[in-house]
Amino acid sequence: MPDPTRFPDGFLWGAATSAYQVEGSPLADGAGVSNWHRFSHTPGNTEGGETGDVACDHYRRWPDDVRLMAELGLKAYRFSISWSRVLPEGTGRVNPAGLDFYSRLVDALLEAGITPMATLYHWDLPAALDDRGGWVNRDAAEWFAEYAATAFRALDDRVPLWATLNEPWVVMHEGYLAGRHAPGHRSLYEAPRVTHNLLRAHGAAVRAYRAEGRGRIGLVVNLEPKYPATDAPADRAAAARAEAYMNRHYLDPVFLGRYPEELREVFGDAWPDFPAEDWALIREPVDWLGINYYTRSVVRDDPGAPPVRAARVRQPRHAHTEMDWEVYPQALEDVLVWARDRCGGVPLYVTENGAAFYDPPVAEGDTLEDPLRVAYFREHLRAVRRAMERGVDVRGYFAWSLLDNFEWSAGYSRRFGIVHVDLETQRRTPKRSARFLGEVIRGGGAALG
C-alpha cells in the first residue's frame, strides 16, 4: 500500500525564475532591447527607479547557481528564455550568443542531474515588436511561432518540458489595462485583443512544437480562487465575474473552445467578435498545464471598481505576505481539484508557489532563518498532497523563486527567494526554507508530516 505521506517517485521538485528578473546584462553579447528594459528605464515606472540591468547577475553567475541548486537537492529548474537575446529584432536575425547562453545553462543542469523546464515568454517582449503594436497586433502569433521554433531547434534535444506563456492574464491586465507593467498601456479596448493574440500565439507555438519537438509542452496560468464575501446575490455574482475574468479567461478558450460569457459583461462594448477560424489554433491540445498559485481573494460587489465591479475584502485574521496577499493554503487544494475537473484531467504542475516575507538586506552566516516562508511551503505542499489524494494528477512543484530578484514594478523591495541575494555583493545565502525544501525532496515529502 502506498505511503500517504510520500509523493510518488518521479515527482518533479524544483524552483523557478524568469529571465529579466534574474539574468542582468540585458544587452550583452548582441541581445536586443526588451519592453521591460525600456519600461524600467522610464522614470516613475518602478519603485526607486530600479531596473533589471544587474538583477541577480545570473547571466554571468549561472555556473555557481547551478551548483547551488544541486547542493540544495533541487531536481528541476524552471527558467525563461529572453526572446530579445535570441532574436534581437523579434524576428529574422538570430543571435547565436544568446542561444549559446541557454544551451550552456541546459547542459550544466543536465550534468548536475537537474531537469530543465523552459518557458518561452515570461513578459519580456522585444522592444522592436512592441514598436509594431506588441500583443495588440495579430501578427504577434506568427512572430511568436518563429521565435518558438528557433528555440525548439536549438534546445529541444535536451529540454523535455516547455511552457509557451507564463501568466498571460498578467500580461493583459497589468501591461495593457492597468499600466503597471510593460508596455504601460491603459486601454479597455486593447485588453481583449491582447488576450486573443496571446492565445493565438500560444496555439501557434504548440503547433510549431508538434512539428519540431519530442518532449511535452504546456501553458502556465496564474489562478486565484474567488470567494464571495457574503451569500448576498450581488456578492456571489461579483465573485463569478472575478473568477471568469482571472481564472477562466485563458483556460476556457484552450480547453473548452470559448470565452466565459461573463467577459462580455466585464468589457461591454470593448469586447469584439473574434474570427471563428481562430479557435482551431487556440485549442491545439497541450500535454500539461502549469498553475501558479499564491493567494485567494474574497470579493464583494462594487460598481465603482471597473472593469469587473468586484472589490477585494481583506481578511484581517489571516497572515499576509509583503505583497499584502493572504496566506490561505486550502485554496491551493481547491484550485487543483477545480482545474482537474474543468480542464479534462490534463496533468498539472504547480509551476510557481511562494511568498515574499521580510528578509534583511545582508545575511549573516551560512543560512538565513525565514520561519514564515518555511511554514508557507509546509502548508502549501500539504495542500498539494491532499489534492493528489483526491485523484488530481500533479506531476511536480516549483518554488518561487530560486533567488531574491527584480520583482517587476516593485523593484527589489520584495524578496521571494529561497536563496538570499545581497544586492550589493551578489552573495548567495540559502534561507532555512531552501534547507527545508531539500529535506522534503530527499524524503519524498515525509518531512511534511
Side-chain angles (χ1 to χ4, degrees), residues 17-60 80-85 87-90 98 121-137 140 166-191 193-194 198 222 305-307 321-325 356 358-362 400-401 403-417 421-426:
T17 65
S18 86
Y20 192 73
Q21 291 181 275
V22 301
E23 286 179 359
S25 304
L27 304 181
D29 301 323
V33 175
S34 75
N35 63 345
W36 259 100
H37 181 80
R38 185 159 63 185
F39 184 80
S40 66
H41 279 262
T42 302
N45 282 344
T46 65
E47 192 164 328
E50 292 170 330
T51 74
D53 286 3
V54 177
C56 304
D57 200 23
H58 182 64
Y59 187 74
R60 296 190 300 169
S80 79
I81 299 169
S82 167
W83 187 342
S84 55
R85 281 202 198 281
L87 294 166
E89 289 84 37
Y121 186 72
H122 198 132
W123 308 354
D124 48 344
L125 184 74
L129 299 183
D130 194 37
D131 291 339
R132 295 164 66 182
W135 291 109
V136 182
N137 190 331
N166 178 80
E167 299 186 356
W169 181 88
V170 175
V171 177
M172 175 277 300
H173 179 83
E174 296 292 342
Y176 289 85
L177 185 59
R180 290 182 289 258
H181 283 190
H185 296 190
R186 295 177 173 86
S187 172
L188 188 68
Y189 287 82
E190 285 185 354
R193 290 166 173 80
V194 167
L198 284 163
N222 57 302
T321 71
E322 290 282 294
M323 302 291 289
D324 199 30
W325 294 344
Y358 174 77
D359 295 308
V362 178
W400 184 270
S401 176
L403 303 168
D404 291 334
N405 56 45
F406 178 75
E407 186 51 38
W408 307 110
S409 56
Y412 296 95
S413 66
R414 308 290 191 274
R415 291 178 177 268
F416 277 89
V421 178
D422 184 320
L423 297 174
E424 289 192 10
T425 67
Q426 290 294 328

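In this text the structure is predicted, and so the values were computed from the model without any measurement. Note that the numbering runs from 1 along the sequence shown for the chain.
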Can you see which heavy atom on [X] is nearest to which on [Y], and at what distance?
X: Leu177; Y: Ala191; value: CB-CB, 4.4 Å
X: Gly52; Y: Ser40; value: N-OG, 4.3 Å
X: Gln21; Y: Ala55; value: O-CB, 3.4 Å
X: Trp400; Y: Glu407; value: NE1-OE1, 4.3 Å
X: Tyr59; Y: Gly24; value: CB-O, 4.0 Å
X: Pro183; Y: Gly175; value: CD-O, 3.4 Å

So do the side chains of [X] and [Y] get within less than 4.5 Å of each other, counting heavy atoms only?
X: His185; Y: Val194; answer: no
X: Arg38; Y: Asp131; answer: yes
X: Leu188; Y: Pro307; answer: yes
X: Val421; Y: Gln426; answer: yes
X: His122; Y: Tyr20; answer: no
X: Arg414; Y: Thr321; answer: no
X: Trp36; Y: Pro26; answer: no
X: Pro126; Y: Glu89; answer: no

Return the [atom1] to [atom2] distance between [X] and [Y], rounded to the nearest 0.5 Å.
X: Asn222; Y: Asn166; atom1: CG; atom2: CG; answer: 8.0 Å
X: Cys56; Y: Leu423; atom1: SG; atom2: CG; answer: 7.5 Å
X: Tyr358; Y: Ser413; atom1: OH; atom2: OG; answer: 12.0 Å
X: Thr42; Y: His37; atom1: OG1; atom2: NE2; answer: 9.5 Å
X: Glu174; Y: Ser409; atom1: CD; atom2: OG; answer: 7.0 Å
X: Glu47; Y: Phe406; atom1: CD; atom2: CZ; answer: 10.5 Å

Taking [X] for the side chain and [Y] for the main chain, is one N or O donor matched with an acceptor at less than 3.5 Å?
X: Tyr176; Y: Trp135; result: yes
X: Arg415; Y: Ala356; result: no
X: Ser80; Y: Ala19; result: yes
X: Asp124; Y: Ser82; result: no
X: Arg85; Y: Ile81; result: no
X: Glu50; Y: Tyr412; result: yes
X: Arg132; Y: Ala140; result: no

Over 60° means perpendicular and under 30° means parallel, so tell me whether Trp325 and Phe416 are parallel, tilted or perpendicular. tilted
Among Val171, Asn35, Val170, which residue satisfies the side-chain contact (heavy atoms from CB on, under 4.5 Å) criterion with His181?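 The option that passes is Val170.
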Apply side-chain contact (heavy atoms from CB on, under 4.5 Å) to the pair Glu424 and Val362, showing each step before the final yes or no. CA-CA 9 Å; Glu424 289 192 10; Val362 178; over 6 Å; no
Is the distance from the ring center of Phe39 to that of Trp123 below 6.0 Å? no
